[in-house]
Amino acid sequence: MRSSDHAAVNLSIVIPCFNEELVLPRTAERIAGVLEDLCLRGRIRRSSRIFLVDDGSGDSTWRIIEQLTDDGWPIVGIKLSRNRGHQHALLAGLHQADGDAVISMDADLQHDPAAIEPMLDEYLNGHDVVLGIRKSRTAESWFKRTSGTLYYRMLKGMGVDIVPEHADYRLLSRRAIAALRQFGETELFLRGIIPQLGFPTAKIHYQQAERAAGESKYSLAKMLGLAIQGVTSFSAAPLRFITLLGVLVSIASLGFSAYALWIRLLTDTALPGWASTVVPMYFLGGIQLLCLGIIGEYLSKIYIETKRRPAYIIEKVHAGEPRPSRTPSRRHRAAREAVAG
Ligand code: UDP
Ligand code: MG
């Protein structure tokens, strides 16, 4: 149990918003209502805030945010200088939020606000990371559902540690955010980084709703970008694949070369110039792929090192209060005195 059991928690909610003028007032009202209720029941502190991050919207999103804050809503508005994409907007919010626990969610109410309190419970039970898991995705299109499921499977297959059906609805404790700051990379795929943090983690299941208003802000291009980000940020498997291909083609080309030589030397069906053309072709093809693969291996090392990820994250340090009689110097001194005496 955390000490915040006694003193209520300062909770922050981070919501990235990109052209969300149609849904934002509704979302703000709904989330503020949840916070007010938790506050009245003494579960969170009055200082709890909603951090709305305007990710360079072209519509009236920022004006709405300013209006809401001016009207006295528990909101802090953060405006990014330009559209940087959902993951960056989210990170900006996480860095600005001052809560003991910070929950990130989408602006369109697809992430059920009813899950906020269970997440808080898990935080108070000692979890630093609480992941929101979609129970079903019936509210989404067939394309989004199927491509999503296949993508998660592919990432798993490449050895990326990723939690299925978890988007960016999650609670992070202050120290989990501090650990996240140690990840130096600017190109982010938070869903992949969070499992790397370790720390006690819990899951909360929620029903994914339909977008409350407006259109999806994740265009196909943005979705593809995020998908590629997920693979290239966490796996050198595609590079390794080139090496494997190189080895296979090299072996095959040796076989073909032997076959071409056999035709040329031991049969009389060979066309003039055929063997001298195809043998080097196969051979060079294989060698080239193999070399590319070797370069890929080194590239993957550089790629991993340039990320400058923390080598480790310390969760706790435990040390007792040393008693004077147990300190080595005293013991040694006592032993020396005993021998001398
Ligand atoms: N979003 C953002 N920047 C972008 C695209 C999206 O901040 O460039 C936000 C958007 O406002 C929403 C969240 O990311 O709060 C998820 O976007 P959306 O709901 O449109 O994605 P979908 O649910 O369709 O995948
Ligand atoms: Mg959505």
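Both ligands and their constituent atoms are indexed starting at 1 by order of listing. This chain uses plain numbering: 1 for the first residue, then up along the sequence. All values reported here derive from a predicted model rather than from experimental measurement. FYI, side chains are in, hydrogens and waters are out, and symmetry mates aren't considered; it's all heavy atoms of this structure.
The heavy atom nearest to atom 22 (P) of ligand 1, out of those in R211, K217, E20, K144, is found in K144.
Within ligand 1, counting atoms from 1 as listed, the ones closer than 4.0 Å to a heavy atom of D108 are 19 (O), 23 (O). Atoms of ligand 1 lying under 4.0 Å from at least one heavy atom of S216, given by number and element, are 20 (O), 21 (O), 22 (P), 24 (O). Short contacts between ligand 1 and G85, defined as distances under 4.0 Å to a heavy atom of the residue, involve ligand atoms 3 (N), 8 (O). The contact set between ligand 1 and C17, taken as ligand atoms under 4.0 Å from a residue heavy atom, comprises 7 (O), 11 (O).
In E210, the CD atom is not crowded: 12 or fewer heavy atoms of neighbouring residues, nucleotides or ligands sit closer than 6.0 Å. Around the CD atom of E29, the shell of radius 6.0 Å holds no more than 12 heavy atoms that belong to other residues, nucleotides or ligands. Heavy atoms of other residues, nucleotides or ligands lying less than 6.0 angstrom from OH of Y152 number more than 12. Atom NZ of K79 has more than 12 neighbouring heavy atoms from other residues, nucleotides or ligands inside a 6.0 Å radius. The number of heavy atoms from other shown groups lying within 6.0 Å of CZ (R211) is above 12.
A side-chain contact (heavy atoms from CB on, under 4.5 Å) with L289 holds for exactly one of V247, L248, V249, L284; it is V249. Put simply, the residue from R191, K156, K203 that forms a side-chain contact (heavy atoms from CB on, under 4.5 Å) with V163 is K203. Screening H111, Q110, E165 for a side-chain hydrogen bond (donor to acceptor under 3.5 Å, both in side chains) with R134, the sole residue that qualifies is E165.
Ligand 1 is never approached by M223 to a heavy-atom distance shorter than 4.0 Å.
Nearest heavy-atom pair across R45 and A8 is NE-O, 3.0 Å. Taking each heavy atom of G286 and S250 in turn, the nearest pair found is O-OG, 3.2 Å.
Given atom 1 (N) of ligand 1, the protein heavy atom at minimum distance is F18 CB, 3.7 Å. Annotation: atom 21 (O) of ligand 1 to nearest protein heavy atom, Y218 CD1, 3.3 Å. Among protein heavy atoms, the minimum distance from atom 14 (O) of ligand 1 is reached at H86 CD2, 3.1 Å. The nearest heavy-atom contact from the protein to atom 8 (O) of ligand 1 is K222 NZ, 2.7 Å. What sits closest to atom 23 (O) of ligand 1 on the protein, heavy atoms only, is Q110 OE1, 2.7 Å. Taking atom 3 (N) of ligand 1 as the reference point, the nearest protein heavy-atom neighbour is D55 OD2, 2.6 Å.
Both the backbone and the side chain of A107 come within 4.0 Å of ligand 1, judged by heavy-atom distances. Residue contacts with ligand 1, taken as heavy atom pairs separated by less than 4.0 Å, do not involve I15 at all.
Side-chain contact of N10 with D100: a donor-acceptor pair under 3.5 Å is absent, judged by distance alone.
For ligand 1, the polar-atom distance check against P16 finds a nitrogen or oxygen pair separated by under 3.5 Å. For a threshold of 3.5 Å applied to N or O pairs, the pair formed by E215 and ligand 1 contains no separation below that value.
Within D108, the N, O or S atom at minimum distance from the Mg ion (ligand 2) carries the name OD2.
At a cut-off of 2.8 Å, Q110 coordinates the Mg ion (ligand 2) through an N, O or S atom. None of the N, O or S atoms belonging to D106 lies under 2.8 Å away from the Mg ion (ligand 2).
When ring centroids are compared, H86 and F18 stay outside the 6.0 Å threshold.
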